[in-house]
Each structure stands twice: as C-alpha cells, then as structure tokens.
Asker: 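Pasting in a structure now, in structure tokens, and then I'll have a few things to ask.
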Amino acid sequence: MTIRVWDYLAEYRNERADILDAVETVFESGQLVLGPSVRGFEEEFAAYHGVAHCVSVDNGTNAIKLGLQALGVGPGDEVITVSNTAAPTVVAIDAIGAVPVFVDIREEDFLMDTGQIEAAITERTRCLLPVHLYGQCVDMAAIGRIAAEHGLKVLEDCAQAHGATQGGRRAGTFGDAAAFSFYPTKVLGAYGDGGAVITGDATVEANLRRARYYGMEKVYYVVETPGHNSRLDDVQAEILRRKLTRLDDYLKGRREVARRYAEGLGDTGILLPTTNPGNDHVHYVYVVRHPRRDEIIEALRAYDIHLNISYPWPVHTMRGFAKLGVEPGSLPVTERLAGEIFSLPMYPALSAEKQDEVIRAVRAVLARL
C-alpha cells in the first residue's frame, strides 16, 4: 500500500456528508464574502481559545503579516524569531519591511532557545515571534518575562499548534496576538487556504479588520488607511466551523498515533519527539531524528512509504534571504538538525494497519544500516 506523510482522503470519506452540506449552506445563504459563515467561525474560534476577538484572513502568511502590522511593527523594525520554521514565518516579516533576527533552537525539542533572546535585542527590536513548531508551545513564561522587561510585542505563530496547551492555557493566548494557518495539512485544516489572528485587544482587532478589507471600515470605497484584500472565503469558513467541533477528536487521534510510534520505535536508534513538562503536544507533524536520515528516507521508498523533512533548509540559508547576512555556522543547532530530522506519517485518520507497516519498514531499514 502507498503510505504518504499526510493524506486527507480517509478523513474526507468519513466527513463527506458534512463537508458537502457546509458548501451547500453557503451557496444557499446568498452571501459568499464576509457572510454569516465567516462571522460564525470567528466567534466560535475566539470562544474556543477564550479570547475576545478573531479576525479571519485568506492564509496563514497574511495572518502573520497583518498581525505584525496591527501590533505596530513596520519597516526597519526587528522581529526576533527562529530559522527552523516554514519560510512563510519569515516571508511575512520581510513583506512589511521589518527585519527578521534569528536565535537558535533547543537540541531537545527543536523550539526557540529563549535563553538567547536578550542577547539579540537591540534598540530596533519591536516584537518577539515564537513559533510553536511541530505541535507544542515555546516556553511562553520566558517570552512573556522578556517582552515585559523590554517593552516588546509578542505575536505567536500558531500555524502548527491548534489546540496545544501549556500550563492549561491554549497556544495563542499568551501574547498580544496569535496567527493561525488553516492550510489543508494543519491540525485544523480547510479544503483550501485560510488563516486567522486572535487577540484580546480591541484596538488590534480594529486594525486587523481594517487591514484585511482594503483599509476600509464601515463604508465601501472609503479607505481610512491603505490595507489589503485578505478575506477568508465563506465556504472555507463554514467547513472550518464544522471541523472545529471535531478538533478535540482530531487531537486525540494524533496523540494515539504518537503513542503507537513511541511504543513501536522507542527501542530503535531513531530519536523520537519529546513533550516538555506542562505542554500538551498536538503532533502536527511527527518529527524524528537520525544521522543517516537521507538513507532511511530513500530506503523507505522501496516500501512505497513517502516521507518529508520539516525543514531541510533553514530560512537563513535560503538564497532569498542572503541579504540578511547571517553567516553559516551562526545557528549551529538549527543547521545540524536540518540534516537529521524527518517526519513520519501523521494524521488522525492514519489507520493502525498503515502505521504498523511504517513501523515494520523503519525497523527493517534500521537493521540494515
């Protein structure tokens, strides 16, 4: 059987009637843009997180971009983040003319090393952008302390952490605002693209609503401040509303897949992911580590098992960001792990049968190395 690192078809077959009903609901509503489905989803997503406001947008990249702008970050300002992330985190910073400043990650969990932040702060620093990578939260107590001491804003990148918690609080509720992606692969994924920003600050919310709608407020054609066209489609919003009611079930499914991997691969030479004390991991991707990563991935193709790497190229090593002048070797943990990490199949509908095949194949490949 062909096994891929992610596949939505089994989930779609299980939820097909509800997904198609969501589409029909929108088509019959008479409102296709910024209609009742968008408003409903925003209210329900905010309520899920226990915050006052949610503003939906067209994708996760623009969620970060508009989130930064809503917090007052602009050209020339520095934003401290990590290079071990999906490129959109940094693309969004660059898009508003701000400057990404990287700190290294921790060896044990691949997350931002908060101990390096203060050394990276300059008079131009305006925002900390922690990335809750792979499904668990960065140390947000440390982030909050540093931000308070230095008068910095905090925008959480929650694209990979829907439903994750730290100390009982959901990812996205620690900072001034939080950006989410609803790309189809995400823990809460649409059937297309989408994003959102949540916040408890009414001024930030107003900035976001204006920015996502050309810079307009109540009257069409009257631009208050130049903005964007960045609206979540009502069809995707209605699908997300339906899926949000099942989010906790998706999380249970992911944790069960993670449990089976830990049981089946815990005695091998592959380093499995860890969950930090106080964190509740949602396992957006199941990232493991081995020094002979490339050989393992290639060998598994013979079993029709197709994996990926999140991420093989740290952002600071990409040609498009050579302008930042970050020297090779300046982020040693990030660079070293980029050559060792890879992702095993992870999604709630992954059957035990398929996962057992992955485990058997991985063990067989390791035995031959």
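Only heavy atoms go into these numbers, but all of them, side chains included; no hydrogens, no water, no symmetry mates. Quantities reported herein were computed from a predicted structural model and do not represent experimental measurements.
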Asker: In Å and rounded to the nearest 0.5 Å, what is the CG to NE2 distance from L300 to H306?
Answerer: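 Result: 10.0 Å between the selected atoms.
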Asker: Does D176 have any side-chain hydrogen bond (donor to acceptor under 3.5 Å, both in side chains) partners at least two apart in sequence or in another chain, and if so, which?
Answerer: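 Applying side-chain hydrogen bond (donor to acceptor under 3.5 Å, both in side chains) to D176 gives none.
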Asker: Ignoring hydrogens and angles, tell me if any N or O in the side chain of R126 forms a donor-acceptor pair with the backbone of L68 under 3.5 Å.
Answerer: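 No; judged by distance alone, with no hydrogens or angles, the pair does not exist.
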Asker: Using the rule given for side-chain hydrogen bond (donor to acceptor under 3.5 Å, both in side chains), can you reason through R242 versus T25, listing the C-alpha separation, both sets of side-chain angles and the distance that settles it, and then say yes or no?
Answerer: CA-CA 11 Å; R242 310 295 180 93; T25 296; 3.2 Å; yes
Asker: Between R336 and E340 (salt bridge meaning N to carboxylate O under 4.0 Å), is one present in this structure?
Answerer: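 Judged by the 4.0 Å cut-off on N to carboxylate O distance, R336 and E340 do not form a salt bridge.
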Asker: Are Y286 and L307 connected, step by step, through hydrophobic side chains (Ile, Leu, Val, Met, Phe, Trp, Tyr) whose heavy atoms are closer than 4.5 Å?
Answerer: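 Cluster IDs for Y286 and L307 match.
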Asker: For N279, enumerate each residue passing the side-chain hydrogen bond (donor to acceptor under 3.5 Å, both in side chains) test, keeping only those at least two apart in sequence or located in another chain.
Answerer: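 Applying side-chain hydrogen bond (donor to acceptor under 3.5 Å, both in side chains) to N279 gives Q136, Q166.
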Asker: Between E205 and T199, do the side chains contain a donor N or O and an acceptor N or O under 3.5 Å apart?
Answerer: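 There is no such pair between these side chains.
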Asker: Kindly determine whether E118 and H150 satisfy side-chain hydrogen bond (donor to acceptor under 3.5 Å, both in side chains), including the steps that lead there.
Answerer: CA-CA 9 Å; E118 289 191 277; H150 295 273; 2.9 Å; yes
Asker: Ignoring hydrogens and angles, tell me if any N or O in the side chain of E238 forms a donor-acceptor pair with the backbone of A22 under 3.5 Å.
Answerer: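 Pair absent, no side-chain N/O of E238 close to backbone of A22.
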Asker: Compute the centroid of each ring, for F45 and then for F182, and state whether the two points are separated by less than 6.0 Å.
Answerer: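 Under 6.0 Å, so yes.
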Asker: For D94 and V91, indicate whether the former's side chain and the latter's backbone hold a donor-acceptor pair under 3.5 Å.
Answerer: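 Not at all, since once roles are kept as given, no pair shorter than 3.5 Å links the two residues.
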Asker: Has T125 got a side-chain atom pairing as donor or acceptor with L152's backbone, closer than 3.5 angstrom?
Answerer: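 Flag not set: sc T125 to bb L152 has no pair under 3.5 Å.
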Asker: Are E107 and R289 ion-paired here, with the side-chain N under 4.0 Å from a carboxylate O?
Answerer: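 Yes.
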Asker: Any Lys/Arg nitrogen of R210 or E217 sitting under 4.0 Å from an Asp/Glu carboxylate oxygen of the other?
Answerer: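 Looking at R210 and E217, the cut-off is met.
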Asker: Could you list the residues that satisfy side-chain hydrogen bond (donor to acceptor under 3.5 Å, both in side chains) with T185, not counting sequence neighbours?
Answerer: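 side-chain hydrogen bond (donor to acceptor under 3.5 Å, both in side chains) check on T185 returns Y284.
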Asker: Under a 3.5 Å distance rule, please check whether R254 uses its side chain to pair with a backbone N or O of H283 as donor and acceptor.
Answerer: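 Such a contact is found between R254 side chain and H283 backbone.
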Asker: Using a strict cut-off of less than 4.0 Å between a Lys/Arg side-chain nitrogen and an Asp/Glu carboxylate oxygen, indicate whether E11 and R246 qualify as a salt bridge.
Answerer: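 Salt bridge: no.
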Asker: Do the charged groups of E43 and R39 touch, with an N to O distance under 4.0 Å?
Answerer: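 Salt bridge absent between E43 and R39.
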Asker: Against D109, only a single residue in V138, V287, N276 fulfils side chain to side chain contact (heavy atoms under 4.5 Å, CB included); can you say which?
Answerer: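 Answer to the side chain to side chain contact (heavy atoms under 4.5 Å, CB included) test with D109 among V138, V287, N276: N276.
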Asker: One pair to check against side-chain hydrogen bond (donor to acceptor under 3.5 Å, both in side chains): Y48 and R170. What are the steps and the verdict?
Answerer: CA-CA 9 Å; Y48 179 83; R170 293 199 190 278; 3.1 Å; yes
Asker: Between D18 and R241, does any side-chain N to carboxylate O distance fall below 4.0 Å?
Answerer: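 Answer for the salt bridge query: no.
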Asker: What class does the angle between the rings of Y191 and Y8 fall in, given that below 30° is parallel, 30 to 60° is tilted and above 60° is perpendicular?
Answerer: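 Y191 vs Y8 ring planes: perpendicular.
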